[in-house]
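No experiment lies behind these values; they were computed from the predicted model shown.
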Amino acid sequence: MHLLKRAEMLNVIDTLATDYLKGKVRAIRLSVIALLSGGHILLEDIPGLGKTTLALALARALGLSFGRVQCTSDLLPSDITGLSILNRDENRFTFMPGPIFNNVVLVDEINRVMPKTQSALLEAMEERRVTVEGTTHPLPEPFLVIATQNPVEQVGTYPLPESQLDRFVVRSGIGYPPEAIEKAIIKGGSIRDGIRHLEPLVTVDDITEAQRTVRESIYLSDKVVDYIHAIVAATRSHHAVTSGVSTRGAIAMAETAKAHAYLEGRDYVIPEDVKAIAAPVGAHRLILGFDNENLDKGELLHAILATIPVPLA
């Protein structure tokens, strides 16, 4: 089967990983998987590792409109969604759309904004529309939110509640680059100027076609569905976990596994696709018991995954 627009999407990943964001291929690939599966991604790591640069570069490479929200403690919901302003010449209110009305929206340091504004943002992400003063405005397609979050131990942060973390299909760190690459980055300086001149590598139609192919043409067998269910069920019964992966999380595993299979060049999902995305999709949805709050959720999910028999073809 011909996987439509796969070569174009791989070109986005390869170009960014090779020429602009060296050492970040995993985060780039997970961002593209989130886009192809119709979800959003949360990048969590310490400041200065390239989270914002990744979002800027991805938006440029995809050729999509780009909006940025720099979160602060006094940011209001209307600063993101927009608001109606009185047009005195016409004597009527005119809606002024906020930055959420872009294809790619970078929400920088989401955990520095107060919970009320977080909720407004996450509702827009989920519903893909914004209602202001009784009027509903649809958001553009494709639509990808890349939120960044500093570690919650830092001063002035409002940790995202578990119910809101569940709205992100993928959560990932970004990590320090390998030594040799970091030295080259230090020597070469910032790449922001280079990103500004990055020409789009795909079109909106390419992205839409790729999303449709992932959604409609990648086969998910009953055995793989059973495997996904066994994983989420195991998270719910683990002694260290108070609340395991939700049904929404299980659906996200299925959708992202299809996107992973597509990038691997297959029109069907195999257990290795599920294993590849299980931690980025499932770990942040775990709620740990009081005595186990310091456990690494990613490592815990990998440990659970290792106990689940892999189905044979």
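- Under a 3.5 Å cut-off, the side chain of T256 and the backbone N or O of I277 do not form any donor-acceptor pair.
- Applying the ring pair (Phe, Tyr, Trp, His ring centres under 6.0 Å) test to every pair with at least one member in residues 182-231, sequence neighbours left out, gives no pairs at all.
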| request: Show your working on side-chain contact (heavy atoms from CB on, under 4.5 Å) between L36 and I207 and close with a plain yes or no. | output: CA-CA 8 Å; L36 292 175; I207 299 168; 5.6 Å; no

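- Neither I287 nor L295 shares a network with the other; the hydrophobic side chains, linked directly or stepwise wherever heavy atoms of I, L, V, M, F, W or Y lie under 4.5 Å apart, form separate groups for each.
- Contact between A34 and I41 at its shortest, heavy atoms only, is CB-CB, 4.2 Å.
- Distance check: Q118 CD to L75 CG gives 10.5 Å after rounding to the nearest 0.5 Å.
- Looking at heavy atoms from C-beta onward, L64 lies out of side-chain contact with L58 at the 4.5 angstrom threshold.
- Residues M114 and L165 do not share a hydrophobic cluster, clusters being chains of Ile/Leu/Val/Met/Phe/Trp/Tyr side chains in contact below 4.5 Å.
- The structure places CZ of R171 at 12.0 Å from CG of D166, a figure rounded to the nearest 0.5 Å.
- A side-chain donor-acceptor contact under 3.5 Å links T203 and D206.
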| request: Apply side-chain contact (heavy atoms from CB on, under 4.5 Å) to the pair V69 and L106, showing each step before the final yes or no. | output: CA-CA 6 Å; V69 178; L106 169 64; over 6 Å; no

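- A donor-acceptor contact closer than 3.5 angstrom links the side chains of S65 and N103.
- For R236, the salt bridge (Lys or Arg N to Asp or Glu O under 4.0 Å) test picks out no residue, with sequence neighbours left out.
- Not a single donor-acceptor pair under 3.5 Å links the side chain of D19 to the backbone N or O of L16.
- Screening residues 59-76 for salt bridge (Lys or Arg N to Asp or Glu O under 4.0 Å) gives R68-D108 as the qualifying pairs, with residues at least two apart or on separate chains.
- Other residues, nucleotides and ligands contribute more than 12 heavy atoms inside 6.0 Å of the CD atom of E216.
- In this structure, R88 has no side chain to side chain donor-acceptor pair (under 3.5 Å) partners at least two apart in sequence or on a different chain.
- Using modelled atom types and a 3.5 Å distance limit, the side chains of N11 and T15 yield a donor-acceptor pair.
- L3 and G265 make their closest contact through CD1-C, 3.4 Å (heavy atoms, listed as atom of the first residue, atom of the second, distance).
- Salt-bridge formation is detected for the pair E126/R248: a Lys NZ or Arg NE/NH1/NH2 atom is positioned less than 4.0 Å from an Asp or Glu carboxylate oxygen.
- Judged purely by atom type and a 3.5 angstrom limit, T148 has no side-chain atom pairing as donor or acceptor with the backbone of K51.
- Of all non-hydrogen atoms in L263 and M9, the two that sit nearest each other are CD2-CB, 4.4 Å.
- Side chain of H2 to main chain of L4: no donor-acceptor pair is present (N/O by atom type, distance under 3.5 Å, no hydrogens or angles).
- In this structure, the side chain of R285 does not engage the main chain of V245 through any donor-acceptor pair within 3.5 Å.
- Side chains of S172 and R26: a donor on one and an acceptor on the other come within 3.5 Å.
- Checked against the 6.0 Å centroid threshold, F95 and H137 count as a close aromatic pair.
- The CG atom of D79 sits 10.0 Å away from the SG atom of C71 when rounded to the nearest 0.5 Å.
- Residues that satisfy the salt bridge (Lys or Arg N to Asp or Glu O under 4.0 Å) test with E90, not counting sequence neighbours, are R92.
- Counted within 6.0 Å of NZ on K24, heavy atoms from surrounding residues, nucleotides or ligands total more than 12; the atom is thus considered enclosed.
- Among all heavy-atom pairs drawn from A276 and H260, the shortest one is CB-NE2, 3.5 Å.
- Heavy-atom minimum distance, G298 versus A279: O-CB, 4.5 Å.
- Side chain of T117 to main chain of V113: no donor-acceptor pair is present (N/O by atom type, distance under 3.5 Å, no hydrogens or angles).
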| request: Just do the side-chain contact (heavy atoms from CB on, under 4.5 Å) check on I85 and F93 with the steps written out, would you? | output: CA-CA 5 Å; I85 297 176; F93 283 91; 5.7 Å; no

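- By the 4.0 Å N-to-carboxylate-O rule, R215 lies too far from E209 to be salt-bridged with it.
- For the atom pair NZ of K5 and CG of D205, the computed distance is 8.0 Å after rounding to the nearest 0.5 Å.
- A side chain to side chain contact (heavy atoms under 4.5 Å, CB included) with K275 is found for one member of I270, V310, I308, I231 and no other, namely V310.
- Side-chain polar atoms of T131 and T136 form a donor-acceptor pair below 3.5 angstrom.
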| request: Begin with the C-alpha distance, continue with both residues' side-chain angles, and end with the deciding distance and a verdict on side-chain contact (heavy atoms from CB on, under 4.5 Å) for L201 and L62. | output: CA-CA 6 Å; L201 302 172; L62 294 173; over 6 Å; no

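- Under a 3.5 Å cut-off, the side chain of S217 and the backbone N or O of V214 do not form any donor-acceptor pair.
- The closest donor-acceptor contact from the side chain of K22 to the backbone of A17 lies at 3.5 Å or more, if one exists at all.
- For the residue pair Q149 and E109, no side-chain donor N or O sits within less than 3.5 Å of a side-chain acceptor on the partner.
- Taking the salt bridge (Lys or Arg N to Asp or Glu O under 4.0 Å) definition, one finds that R167 meets it with nothing, sequence neighbours left out.
- Salt bridge present: D273 and R266 bring a charged side-chain N and a carboxylate O closer than 4.0 Å.
- Under the 3.5 Å distance criterion, the side-chain polar atoms of N102 are left unmatched by any main-chain donor or acceptor of V105.
- Rounded to the nearest 0.5 angstrom, L300 CG and L288 CG are separated by 6.5 Å.
- Atom CG of N91 sits in a sparse spot, with 12 or fewer heavy atoms from other residues, nucleotides or ligands closer than 6.0 Å.
- Taking the six-membered ring for Trp and the full ring otherwise, Y262 and Y268 have centroids separated by 6.0 Å or more.
- Although no hydrogens or angles enter the test, the distance criterion places a donor-acceptor pair under 3.5 Å between the side chain of H284 and the main chain of F168.
- In terms of heavy atoms, I228 sits closest to A254 at CD1-CA, 3.8 Å.
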